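Source: prediction; values computed, not measured. Naming convention: chains lettered A, B, ... in sequence-line order (proteins, then strands); numbering from 1 in each chain.
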2 protein chains.
Amino acid sequence: MSAQKNESFRWLNDEEQAAWRAYLTASARLQQQLDRDLQQNSGMPHAYYMILAMLSEAPDRGMRMTDLAELLSSSPSRLSHAIRKLVELDWIRKDADADDGRVTWACLTDEGMRVLVEAAPGHVTTVVESLFDRLTPTQVAQLREISTAMLQD
Amino acid sequence: MSAQKNESFRWLNDEEQAAWRAYLTASARLQQQLDRDLQQNSGMPHAYYMILAMLSEAPDRGMRMTDLAELLSSSPSRLSHAIRKLVELDWIRKDADADDGRVTWACLTDEGMRVLVEAAPGHVTTVVESLFDRLTPTQVAQLREISTAMLQD
DNA sequence: GCGATTCTCTTGAATGTTCAACTAATTTGC
DNA sequence: GCAAATTAGTTGAACATTCAAGAGAATCGC
């Protein structure tokens with residue numbers, strides 16, 4: 001209040017307000033759906049699935065921790081804790097870098113790949129049913145553009 | 001993979017794949033921005049801000065727990081834990097319902113209202129800068145329609 | 001070369017969320 | 001009326017994430 005009294009201050013207009021409410025609800029529901037579904041069917045949260053998925057597409061199924069964190073929009077700490085758990089499960093292996101002693105590589109194990117391959121169809125079905133089956137192709141393109149715009153800078 | 005071999009199975013096409021990646025990154029970044037910002041400036045996560053915000057708009061600044069949970073897309077348990085913390089902070093008070101002994105009302109205290117009013121301008125600024133300043137009015141309308149479509153059923 | 005800085009990653013504590021189990025109150029079916 | 005089912009909310013344990021602090025390795029500046 002005090003900060004807003006004496007400064008010109010941009011509030012949300014009605015259209016923005018409606019969009020914001022709808023977005024918050026929709027994204028919260030989708031996130032919960034993804035997490036619940038993966039937890040039930042594959043015993044891991046969505047964040048862990050994404051780690052496996054990103055590694056599976058990387059050369060030799062391995063990435064440097066920092067690059068992986070950046071790709072996943074994860075903090076280094078969050079990734080470090082997650083990788084520790086995934087190593088315990090034998091889904092991921094940590095390798096030292098040959099050139100740079102600071103760098104650790106996270107690598108998908110065969111077991112991790114197996115788990116991912118088993119989890120993927122159910123997960124994708126959830127994504128399709130919760131999101132893409134509800135949108136027109138035009139809306140899918142719009143969603144990509146909007147999301148890209150949000151990532152400017 | 002194996003599960004997908006013998007069943008007709010809808011995967012994501014290229015456009016959906018691109019939209020999905022962009023959406024995941026954008027929504028994760030936005031959520032982190034909102035949480036970090038509110039934690040820094042007001043000492044609470046976004047979920048707690050939303051509790052205060054929803055109550056502030058309700059008649060007499062109070063809602064039944066179940067209704068509040070539904071409005072926030074929160075589990076009863078999550079809301080219960082959160083309200084306990086907010087009661088400790090004296091930002092919220094819990095009242096018994098006169099007619100139904102199962103029902104609890106969560107009510108915003110004057111102190112809670114004060115905190116919300118102080119937090120709001122900074123928070124809205126974050127929302128505007130992170131989201132609405134990056135979208136055209138057309139995209140704002142599209143975002144609302146897409147979010148609404150995601151909530152069908 | 002070598003101290004200061006930066007970079008990469010980890011750690012432990014504090015916090016928030018989920019899940020399953022539970023209590024208590026109300027409503028339903030008969 | 002009353003047992004069974006439903007509804008509202010809580011609890012504690014397990015788990016995930018954040019945050020601040022820090023360790024170790026490479027790089028920068030001079």
Side chains of residues 54-63 of chain B: which donor-acceptor pairs under 3.5 Å do they make with residues two or more places apart or in other chains?
unit_1: S56(B); atom_1: OG; unit_2: A53(B); atom_2: O; d: 2.6
unit_1: E57(B); atom_1: OE1; unit_2: R21(A); atom_2: NH1; d: 3.4
unit_1: E57(B); atom_1: OE1; unit_2: R21(A); atom_2: NH2; d: 3.4
unit_1: E57(B); atom_1: OE2; unit_2: R21(A); atom_2: NH2; d: 2.8

_Heavy atoms within less than 4.0 Å of DNA chain D: which residues of residues 70-92 of chain B have one? Give them sorted by number._
P76(B), S77(B), S80(B), H81(B)
*Which parts of residues 20-56 of chain B get close to DNA chain D, meaning a heavy atom less than 4.0 angstrom away?*
none
*Identify whether any heavy atom of D97(B) sits under 4.0 Å from a base atom; if not, whether one sits that close to sugar-phosphate; answer base, sugar-phosphate or nothing.*
nothing
*How is D99(A) classified with respect to the nucleic acid when contacts are heavy atoms under 4.0 Å: base, sugar-phosphate, or nothing?*
sugar-phosphate
*Are E129(A) and R10(B) close enough for a salt bridge, meaning some N to O gap below 4.0 Å?*
no
Does anything in [range] form a salt bridge (charged side-chain N to carboxylate O under 4.0 Å, His left out)? List the pairs, not counting sequence neighbours.
| range | value |
| --- | --- |
| residues 25-51 of chain A | R29(A)-E70(B) |
| residues 95-108 of chain B | R93(B)-D95(B), D100(B)-R102(B) |
| residues 137-151 of chain B | E15(A)-R144(B) |

*By side-chain contact (heavy atoms from CB on, under 4.5 Å), which residues pair with R84(A), not counting sequence neighbours?*
H81(A), E88(A)
*Could you list the residues that satisfy side-chain contact (heavy atoms from CB on, under 4.5 Å) with K85(A), not counting sequence neighbours?*
Y48(A)
_Any pair counted as ring-ring contact (aromatic ring centres under 6.0 Å, His included), so long as it reaches residues 96-126 of chain B, sequence neighbours left out_ = H46(B)-H123(B), Y49(B)-H123(B)
*Report the residues that fulfil salt bridge (charged side-chain N to carboxylate O under 4.0 Å, His left out) with D110(B), sequence neighbours left out, ordered by chain and then residue number.*
none
*List in chain and number order the residues that pass salt bridge (charged side-chain N to carboxylate O under 4.0 Å, His left out) with D90(B), two or more places apart in sequence or in another chain; answer none if no residue qualifies.*
none
*Nucleotides bounding contact with chain B, strand DNA chain C, heavy-atom threshold 4.0 Å*: dG16(C) to dT26(C)
